[in-house]
Amino acid sequence: NAGVTQTPKFRVLKTGQSMTLLCAQDMNHEYMYWYRQDPGMGLRLIHYSVGEGTTAKGEVPDGYNVSRLKKQNFLLGLESAAPSQTSVYFCASRKVGLSRSEQYFGPGTRLTVT
Amino acid sequence: EDQVTQSPEALRLQEGESSSLNCSYTVSGLRGLFWYRQDPGKGPEFLFTLYSAGEEKEKERLKATLTKKESFLHITAPKPEDSATYLCAVQAGGTSYGKLTFGQGTILTVHP
């Protein structure tokens, strides 16, 4: 049982390049989330998904797109990377049915955009 | 708008020196308050959930308490391995997807 895994762990992009971050969970959780963590800003929600085939915007969605084609996977895409997207990205998942249940986080992806 | 403020920003303790971390919050109908531990270069690790004022939970040297306006994470006789960033988050009532609002964290360093 690996929990929540993220690929890649590190990535350096040039401005304007695109990339996709992959999140996978093996806990059969319905809900999945993408956050970014910046110094002094705390964790901020980018997008989330309440089930396969559904996605929605969080508090900082601009410049990102997501897809949830399979229940266990949640992809975060950057179509045209900008230096402001330099950050550490975390994926999380949560079990549905328990309205107050905790979120489980992956190890993170450190992205640098030059 | 839901807000979470953690204090202090950083705390340095000697091994065995007990102390407390504070998490003040404003939220429309608290559904749950969560404490996480985050080690450098890793993702947040779940510690506790508190649901209502007066509730307390313990795990080893950590004890979390909750009032209507704030939560405390008490650390008793800390060890160097307790060094980490401690994050507090709240879930408001009325959010169907479990949205969490996080504080900025308290960086705890325990010296031997």
Side-chain angles (χ1 to χ4, degrees), chain A residues 2-7 9-10 21 23-25 27 29-51 54-61 66 68 74 88-110, chain B residues 1-10 21 23-25 27 29-53 55 57 59 64 66 71 84-107:
Chain A
V4 180
T5 58
Q6 293 183 233
T7 309
K9 290 186 169 54
F10 302 94
L21 282 67
C23 175
Q25 52 97 2
M27 297 175 283
H29 286 175
E30 289 286 347
Y31 290 10
M32 296 187 76
Y33 310 83
W34 274 107
Y35 291 89
R36 60 178 291 172
Q37 186 175 42
D38 303 290
M41 300 292 289
L43 282 154
R44 293 181 291 169
L45 183 65
I46 304 171
H47 286 281
Y48 65 96
S49 169
V50 300
T54 69
T55 63
K57 295 180 180 180
E59 40 180 330
V60 289
V66 288
R68 182 103 181 265
F74 195 26
V88 182
Y89 292 85
F90 290 100
C91 176
S93 70
R94 172 174 165 260
K95 187 175 180 180
V96 73
L98 299 175
S99 63
R100 302 167 180 174
S101 65
E102 62 274 14
Q103 295 181 17
Y104 293 89
F105 284 81
T109 295
R110 183 173 295 274
Chain B
E1 182 181 336
D2 304 332
Q3 286 192 325
V4 178
T5 303
Q6 293 186 244
S7 62
E9 289 185 9
L21 283 55
C23 171
S24 297
Y25 64 90
V27 64
L30 181 70
R31 180 163 282 186
L33 184 141
F34 301 81
W35 282 99
Y36 286 85
R37 169 191 171 127
Q38 186 174 22
D39 293 306
K42 296 191 176 180
E45 176 187 348
F46 171 73
L47 291 173
F48 304 109
T49 309
L50 301 168
Y51 299 117
S52 57
E55 188 175 2
K57 288 193 176 175
K59 180 180 180 180
L66 181 65
S71 177
T85 297
Y86 290 86
L87 303 173
C88 172
V90 296
Q91 181 182 345
T95 54
S96 60
Y97 60 91
K99 176 183 182 293
L100 294 181
T101 300
F102 281 86
Q104 295 179 350
T106 293
I107 303 170

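The analysis underlying the following values was restricted to heavy atoms, covering all of them including side chains, and did not include hydrogens, waters or symmetry mates. Numbers restart at 1 for each chain; the letters A, B, ... are given by sequence-line order, proteins then strands.
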Participant: Gln37(A) versus chain B, heavy atoms under 4.5 Å apart: side chain, backbone, both or neither?
Facilitator: side chain
Participant: Dump the intermediate steps for side chain to side chain contact (heavy atoms under 4.5 Å, CB included) on Tyr36(B) and Gln103(A), then the final yes or no.
Facilitator: CA-CA 10 Å; Tyr36(B) 286 85; Gln103(A) 295 181 17; 3.7 Å; yes
Participant: If you count heavy-atom pairs within less than 4.5 Å of chain A, which of Glu9(B), Gln6(B), Lys42(B) leads?
Facilitator: Lys42(B)
Participant: Quick check: are there more than 12 heavy atoms from other residues, nucleotides or ligands sitting under 6.0 Å from CZ of Arg110(A)?
Facilitator: no
Participant: If every non-hydrogen atom of Pro44(B) is compared with every non-hydrogen atom of Phe105(A), which pair is closest and at what distance?
Facilitator: O-CB, 3.5 Å
Participant: Going by side chain to side chain contact (heavy atoms under 4.5 Å, CB included), Glu102(A) matches just one of Phe34(B), Phe48(B), Trp35(B). Which one?
Facilitator: Phe34(B)
Participant: For the CD atom of Glu59(A) and the CD atom of Glu1(B), what is their distance to the nearest 0.5 Å?
Facilitator: 8.5 Å
Participant: Check whether any side-chain N or O of Gln104(B) sits under 3.5 Å from a backbone N or O of Gly40(A) as a donor-acceptor pair, and report yes or no.
Facilitator: yes
Participant: Determine whether Leu100(B) and Tyr33(A) satisfy the following criterion, side chain to side chain contact (heavy atoms under 4.5 Å, CB included), listing intermediate values before the conclusion.
Facilitator: CA-CA 10 Å; Leu100(B) 294 181; Tyr33(A) 310 83; over 6 Å; no
Participant: Is it the backbone or the side chain of Leu43(A) that comes under 4.5 Å from a heavy atom of chain B, or both, or neither?
Facilitator: both
